[in-house]
Amino acid sequence: MTGSIPVAADDKGKPSSSIQEIQETRVNVPDDVDTAAVIESFLPCVFCGISENASERSRLVYEDEKYVAFHDINPSARIHILVVPRRHVENILSLSVRDLSMVREMKAIAHLVLSRDFHVPIKDHHLGFHVPPFTSVAHLHLHGIGRPFKNWVRAAKYPEAKNWWLSAGSSLSHSVFGKGRWIRWWVEVNDFIGSLEAAEERGDFRKFSWDFFGF
């Protein structure tokens, strides 16, 4: 069986650029399809084309032909930037060893901007990705944080590997969260790169999963 859902469209049948422009157009989809995901796919990505958006350009701190970096709209630290690829990539679960060069380049840009433009000492750089479903925008973005954090609540959103109570192997992790993977809402960029490098060595070209860390 199939059903129908409303999607965003303008008067020429093209996808709208805003929710306000939605007119009811019906699309038949199978009943087992995630209709919310289908609707979301018709809505614009807020990070795609951000450098061409006049109202957003004031947030830009870096751009080249492949990447842009800009201030986080809700910073958690003294300096908080996001580095994103211009091409649409959903999140780290979309990545494999084939994307190693992209992640390394994003890391280099974050370090460059934090050091050169904001004079953040390297010891205070904190870089990483949130892991779905703990992502706010479905477009890959590397957090480049220049500590200190605003408060401990903000810091908890971007935990450091040295925090024993967050490690997957800790007794607290196992007693409260089973195997520990459920507290893994964040992965530091060096750990992520290391997991892809290890996958490359063993010839594993799957998309990233927690199995890469042996969980």
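The structure displayed is predicted, hence computed values, not measured ones. Atoms considered below: every heavy atom in the structure, side chains included; atoms not considered: hydrogens, waters and symmetry mates.
Taking every heavy atom of both residues into account, H80 and Y158 meet most closely at CE1-OH, 3.3 Å. Considering every non-hydrogen atom in both I145 and A77, the closest pair reads CG2-CB, 3.5 Å. Of all non-hydrogen atoms in S96 and L196, the two that sit nearest each other are O-CD1, 3.8 Å. When every heavy atom of W185 is checked against every heavy atom of P159, the shortest pair comes out as NE1-CD, 3.4 Å. Nearest heavy atoms, V120 versus R78: CG2-NH2, 3.6 Å. Taking both residues in full, the closest heavy atoms of L140 and N91 are given as CD1-C, 3.7 Å, listed atom of the first, atom of the second, then distance.
No more than 12 heavy atoms of other residues, nucleotides or ligands sit less than 6.0 Å from atom CD1 of I73.
The aromatic ring centroids of H141 and H139 lie 6.0 Å or more from each other. Ring centroid separation for the pair H125 and F118 does not come in under the 6.0 Å cut-off. In this structure, F192 has its ring center closer than 6.0 angstrom to the ring center of F129.
Between atom CG of residue L95 and atom CD of residue E90 there is a gap of 10.5 Å, rounded to the nearest 0.5 Å. In this structure, CD1 in I92 is found 4.5 Å from CZ in F208, a value given to the nearest 0.5 Å. A distance of 8.5 Å separates NZ in K66 from CD1 in I109, rounded to the nearest 0.5 Å. Taking CG from L127 and CG from N190, the interatomic distance works out to 7.5 Å, rounded to the nearest 0.5 Å.
The closest side-chain heavy-atom distance from I81 to I79 is below 4.5 Å. In this structure the side chain of V61 reaches within 4.5 angstrom of the side chain of H71, judged on heavy atoms. You'll find the side chain of L112 reaches within 4.5 Å of the side chain of Y62, heavy atoms only. With contacts defined as side-chain heavy-atom distances shorter than 4.5 Å, the pair F47/L82 qualifies.
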Handout entry: Verdict with supporting geometry, V189 and M106, side-chain contact (heavy atoms from CB on, under 4.5 Å)
Key = CA-CA 9 Å; V189 70; M106 293 172 70; over 6 Å; no
Practice task
Decide side-chain contact (heavy atoms from CB on, under 4.5 Å) for E105 and K107; before the verdict, give the C-alpha distance in whole Å, the side-chain angles of both, and the deciding distance to 0.1 Å.
Solution key: CA-CA 5 Å; E105 289 167 356; K107 171 189 169 181; over 6 Å; no
Practice task
Would you sort out whether K157 and D72 count as a salt bridge (charged side-chain N to carboxylate O under 4.0 Å, His left out), showing the intermediate values?
Solution key: CA-CA 14 Å; K157 292 176 62 179; D72 191 298; over 6 Å; no
Handout entry: Y67 vs V84, side-chain contact (heavy atoms from CB on, under 4.5 Å): CA-CA, chis, key distance, verdict
Key = CA-CA 6 Å; Y67 307 99; V84 308; over 6 Å; no
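S115 places a side-chain N or O within 3.5 Å of a backbone atom of H111 that can act as its donor or acceptor partner. Within the 3.5 Å criterion, the main-chain N or O of K123 finds a donor-acceptor partner in the side chain of R147.
Tested against S76 for a side chain to side chain donor-acceptor pair (under 3.5 Å), the candidates H126, K150, R154, H143 yield a single pass: R154.
Taking the charged nitrogens against the carboxylate oxygens, D204 and R98 have no contact shorter than 4.0 Å, which rules out a salt bridge. Taking the charged nitrogens against the carboxylate oxygens, R86 and E63 do have a contact shorter than 4.0 Å, which makes a salt bridge. Remark: E197 does not engage R202 in a salt bridge, criterion side-chain N to carboxylate O under 4.0 Å.
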